[in-house]
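All figures in this text were calculated on a predicted structure; none of them were measured in a lab. Worth knowing before you read on, the calculation uses all heavy atoms, side chains too, and leaves out hydrogens, waters and symmetry mates.
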Amino acid sequence: QVQVVESGGGLVQAGGSLRLSCAASGSIFRAMGWYRQAPGKARELVAVITSGISNYADSVKGRFTISREMNTVYLQMNSLKPEDTAVYFCNVQRNLGDMYWGQGTQVTVSS
């Protein structure tokens, strides 16, 4: 059974840092990444990593860093802005192609 467990969300002041973790289990995963969804907006890709190659949304380039160690993916978020406030979701894809989502973790950045 595939399980996706997230941690690290919380409240932080603008300019601060936060590190999200996502531990996936039950399979081998081809890709792992992070999405976020703000109130009234569509879910958007934040960062994804596959075979050591990382891709980022333009809005977070230079501030966020995605990394992976086995089946755990991390998102280091620096220089946080109020507009980064959203629910962050971990997403993993198996080699067979099917995808799984974490439950989501709230990140709130105050001014």
Side-chain angles (χ1 to χ4, degrees):
Q1 193 84 354
V2 173
Q3 291 185 318
V4 183
V5 181
E6 302 163 327
S7 63
L11 279 67
V12 65
Q13 292 185 327
S17 298
L18 207 60
R19 191 192 194 207
L20 304 182
S21 299
C22 173
S25 62
S27 187
I28 298 174
F29 302 100
R30 176 170 62 188
M32 306 182 76
W34 293 91
Y35 290 71
R36 68 185 181 186
Q37 188 168 23
K41 293 189 175 183
R43 189 172 299 185
E44 64 175 354
L45 174 69
V46 177
V48 62
I49 184 168
T50 57
S51 300
I53 301 174
S54 302
N55 295 101
Y56 299 89
D58 288 340
S59 60
V60 306
K61 286 182 178 178
R63 299 188 298 119
F64 291 9
T65 302
I66 189 170
S67 61
R68 177 179 176 176
E69 183 174 315
M70 296 181 68
N71 282 347
T72 301
V73 63
Y74 306 93
L75 186 67
Q76 179 66 47
M77 303 183 291
N78 298 326
S79 301
L80 283 163
K81 305 174 181 179
E83 49 262 45
D84 293 319
T85 296
V87 178
Y88 284 70
F89 297 89
C90 180
N91 174 265
V92 301
Q93 183 180 43
R94 297 207 293 176
N95 287 333
L96 292 174
D98 48 336
M99 301 170 68
Y100 300 86
W101 294 91
Q103 78 285 354
T105 183
Q106 178 70 46
V107 172
T108 302
V109 184
S110 62
S111 301

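Taking hydrophobic clusters as Ile, Leu, Val, Met, Phe, Trp and Tyr residues chained together by side-chain heavy-atom distances below 4.5 Å, V73 shares a cluster with V2. Under the 4.5 Å side-chain contact rule for hydrophobic residues, Y74 and Y100 do not share a cluster. Both F89 and L45 are assigned to one and the same hydrophobic cluster, defined by single-linkage of ILVMFWY side chains at heavy-atom distances under 4.5 Å.
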Evaluate the criterion salt bridge (charged side-chain N to carboxylate O under 4.0 Å, His left out) for residue pair K81 and D84; output intermediate values, then yes/no. CA-CA 5 Å; K81 305 174 181 179; D84 293 319; over 6 Å; no

Which is it for V107 and M77 under the side-chain contact (heavy atoms from CB on, under 4.5 Å) test, yes or no, and what are the steps along the way? CA-CA 10 Å; V107 172; M77 303 183 291; 4.1 Å; yes

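The two residues E6 and G102 have their closest heavy-atom pair at OE2-CA, 3.7 Å. Shortest non-hydrogen contact noted between R30 and G97 is NH2-CA, 3.8 Å. Closest non-hydrogen pair, A24 versus M32, comes out as CB-CE, 3.9 Å. The heavy-atom pair separating S111 from P82 by the smallest distance is OG-CG, 3.6 Å. Taking both residues in full, the closest heavy atoms of V46 and V60 are given as O-CG2, 3.7 Å, listed atom of the first, atom of the second, then distance.
Note: Q76 CD to L18 CG = 8.0 Å, rounded to the nearest 0.5 Å. Between Q93 atom CD and I28 atom CD1 the span is 14.0 Å, to the nearest 0.5 Å. The distance from the CZ atom of R68 to the OG atom of S54 is 11.0 Å, given to the nearest 0.5 Å. Of the inter-residue distances, the one linking T105 atom OG1 with L75 atom CG reads 11.5 Å to the nearest 0.5 angstrom. Atom OG1 of T65 and atom CD1 of I49 lie 10.5 Å apart (nearest 0.5 Å). Taken to the nearest 0.5 Å, the CG atom of N55 stands 9.0 Å off from the CD1 atom of I66.
At least one side-chain heavy atom of C22 sits less than 4.5 Å from a side-chain heavy atom of V4. Using a 4.5 Å heavy-atom threshold, the side chains of C90 and V92 count as touching. Inter-residue side-chain proximity for Y35 and V48 is flagged as unmet; no heavy-atom pair is nearer than 4.5 Å.
Ring pair Y88/F64 is tilted by interplanar angle, where 30° to 60° counts as tilted.
In this structure, the side chain of N71 does not engage the main chain of G26 through any donor-acceptor pair within 3.5 Å.
With 3.5 Å as the limit, one finds a donor-acceptor pair spanning the side chains of Q106 and T108.
The neighbour count for E69 CD, taken as heavy atoms of other residues, nucleotides or ligands under 6.0 Å away, does not exceed 12. Heavy-atom contacts from other residues, nucleotides or ligands closer than 6.0 Å to CD of Q13 number 12 or fewer.
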